Asks: 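Mind having a look at this structure? Questions to follow.
Only a predicted model underlies this, so the values are computations on that prediction, with no experimental measurement involved. Below, chains carry the letters A, B, ... as their sequence lines are ordered, and counting in each starts from 1.
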Number of protein chains: 2
Amino acid sequence: MGRPSRYGEAEILDGAKQVSAEIGPQKLTIAKVAARAGVPVGSIYHRYASRDEILAAVWLDFVEDFQRQFLAELEGREVLKAGLAAVRFACGWVRGHPREARLLLLHRREDFASERWPASDRRRAEKLAADAGDCLGAYARRLAGRTGVVERNAVRLALVDLPMAGLRRDVEGGQRPSPDMQRLLLKTCAYVLRQAARSRNQRRKGRSGNGS
Amino acid sequence: MGRPSRYGEAEILDGAKQVSAEIGPQKLTIAKVAARAGVPVGSIYHRYASRDEILAAVWLDFVEDFQRQFLAELEGREVLKAGLAAVRFACGWVRGHPREARLLLLHRREDFASERWPASDRRRAEKLAADAGDCLGAYARRLAGRTGVVERNAVRLALVDLPMAGLRRDVEGGQRPSPDMQRLLLKTCAYVLRQAARSRNQRRKGRSGNGS
DNA sequence: ATGGTTTTAGAATGGCCATTCTAGAACGGC
DNA sequence: GCCGTTCTAGAATGGCCATTCTAAAACCAT
């Protein structure tokens with residue numbers, strides 16, 4: 001019943017993603033999304049209550065997709081291999097989702113607004129953060145085994161920050177990540193994870209190039 | 001001659017830095033800078049032609065300061081030690097300049113506008129980029145010696161992207177970088193640089209955890 | 001003191017953009 | 001054919017903010 005809809009949320013969301021990826025979420029305007037998606041402004045507001053809600057949808061959409069798969073890789077049988085698999089997955093995902101990768105790598109979460117997010121979106125975001133924290137924590141404990149101290153910093157650096165940093169440059173230039181970079185990331189990641197697997201006590205002795 | 005000035009560029013620039021660091025350069029408004037610095041709007045425009053020019057000044061100011069010293073460290077006698085010294089310097093600088101560090105680590109260059117920068121500012125920015133490229137290139141060649149291929153990617157990862165990624169978290173939370181993180185970064189940086197120093201041919205053989 | 005010059009002060013202007021509003025269109029059910 | 005409902009279209013509104021403008025202040029030289 002009622003007039004059939006000519007435009008769905010999907011088209012609007014896709015337009016919003018395109019615009020975000022091209023000019024950045026901060027500069028996204030409803031008018032631009034409308035133009036890109038070929039949807040009148042009124043119809044956009046018929047689906048989404050506000051610009052913030054649109055940005056929330058854009059962000060949650062691809063982050064949930066990425067993170068779910070990424071974290072799944074982490075659960076693999078052999079700890080170290082699982083970590084590397086996750087990093088490899090991230091590289092592949094970036095190659096396969098150039099648009100979303102721009103959003104993931106080139107912008108911070110808060111560029112997609114936050115304060116005025118509706119409660120439901122906020123809950124989704126909180127779940128994402130909690131999941132990530134839990135999985136990384138679990139991974140860190142697995143990596144340490146019963147031998148050592150859990151080094152969350154190192155694990156996060158190796159699995160999250162390092163790959164993001166490495167991939168960012170290529171994506172920024174509109175390139176796909178180079179195989180060389182992927183090799184470099186995997187190798188470095190493996191190194192950091194191996195080091196983190198050692199207990200702090202072991203490191204107390206034979207340490208080399210460190211602080212000060 | 002003429003009425004003596006009550007406010008100088010320095011106060012305005014400092015206010016702009018504070019505001020940028022707190023709410024981000026994108027959200028900086030002239031009114032906020034005016035309020036923060038205790039300077040009327042008109043006087044701000046008496047010194048700076050536009051908001052863009054203010055942001056340019058903010059950005060160039062601290063980046064020139066940081067980069068000059070960082071690149072200087074790279075010239076140290078022993079290649080590897082010089083690289084580590086540069087990373088160590090970066091960690092120290094972040095500790096010593098919390099406000100500027102936020103700007104350096106939490107925002108991208110283009111958040112400080114670009115298109116409408118005046119020519120002189122653009123030239124300063126280009127010089128910065130050129131210097132950085134030259135020095136990193138020179139460093140990469142020194143690192144490779146006459147034995148191998150120059151791996152700019154690896155060098156940039158180790159010296160620039162990796163430290164930035166590692167320091168970002170702490171700075172984002174308003175913390176100063178932890179000593180643990182610094183140790184971790186130095187160790188990882190050293191590893192990547194050592195690997196990069198090997199020639200590509202050498203790696204062709206005994207490689208381990210790599211692509212795909 | 002007077003005039004020229006540099007600054008201060010902050011009000012007025014104009015543009016952009018999110019959001020709202022008004023009309024009317026396209027159904028299904030009756 | 002008429003009604004209630006769900007959309008479409010895009011014009012009108014209102015707020016924020018960069019920038020401009022007007023008045024007046026504070027100084028110097030004469």
Asks: Which comes earlier along DNA chain D counting from the 5' end, the contact point of Pro4(B) or that of Arg51(B), where each point is its nearest nucleotide?
Replies: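 On the 5' side of the pair lies Arg51(B).
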Asks: Which residues, if any, of residues 35-45 of chain B bring a heavy atom under 4.0 Å of DNA chain C?
Replies: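 Under 4.0 Å from DNA chain C: Pro40(B), Gly42(B), Ser43(B).
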Asks: Using 30° and 60° as the class limits, which term best fits the ring planes of Trp117(B) and Trp59(B): parallel, tilted or perpendicular?
Replies: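 It falls in the tilted class, 30° to 60°.
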Asks: Measuring only between side-chain heavy atoms, which start at C-beta, is Arg51(A) closer than 4.5 Å to Leu28(A)?
Replies: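 A side-chain contact under 4.5 Å exists here.
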Asks: Using a strict heavy-atom distance below 4.0 Å, which residues from residues 11-29 of chain B are in contact with DNA chain D?
Replies: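 Listed by number, they are Leu28(B), Thr29(B).
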Asks: Taking 4.0 angstrom as the limit, do Glu22(B) and Arg36(B) come out as a salt bridge?
Replies: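 Yes.
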Asks: How many Å lie between CZ on Arg3(B) and C1' on dC27(D), as a whole number?
Replies: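 So the two atoms are 9 Å apart, to the nearest Å.
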Asks: If you measure from the Lys or Arg side-chain nitrogens to the Asp or Glu carboxylate oxygens, is any gap between Arg99(A) and Asp14(A) under 4.0 Å?
Replies: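 A salt bridge links Arg99(A) with Asp14(A).
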Asks: Is it possible for you to check whether Arg68(A) lies under 6.0 Å from the centre of the six-membered ring of Trp93(A), through NZ or CZ, and within 45° of that ring's axis?
Replies: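 Relative to the ring axis of Trp93(A), which defines the angle, Arg68(A) lies outside at least one limit.
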Asks: Do the charged groups of Arg169(A) and Asp161(B) touch, with an N to O distance under 4.0 Å?
Replies: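 Result for this pair is yes, salt bridge flagged.
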Asks: Reading DNA chain C 5' to 3', which nucleotide is the first, and which the last, to come under 4.0 Å of any heavy atom in chain A?
Replies: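 Both ends considered, the range comes out as dC17(C) to dG28(C).
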Asks: Check for a donor-acceptor pair, side chain of Arg102(B) on one end and backbone N or O of Val171(B) on the other, with a separation under 3.5 Å.
Replies: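 Checking the backbone N and O of Val171(B) against the side chain of Arg102(B), a donor-acceptor pair under 3.5 Å is found.
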Asks: Which atom pairs, one a donor and one an acceptor, fall under 3.5 Å between side chains of residues 69-78 of chain B and the rest of the protein, sequence neighbours left out?
Replies:
unit_1	atom_1	unit_2	atom_2	d
Gln69(B)	NE2	Asp65(B)	O	3.3
Gln69(B)	NE2	Asp65(B)	OD1	3.0

Asks: Tell me the ring pair (Phe, Tyr, Trp, His ring centres under 6.0 Å) pairs involving residues 164-196 of chain A, sequence neighbours left out?
Replies: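 Sorted pair list: Tyr191(A)-Tyr191(B).
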Asks: Going by salt bridge (charged side-chain N to carboxylate O under 4.0 Å, His left out), name the residues that satisfy it together with Lys127(A), two or more places apart in sequence or in a different chain.
Replies: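 With neighbours one apart ignored, the set is Asp131(A).
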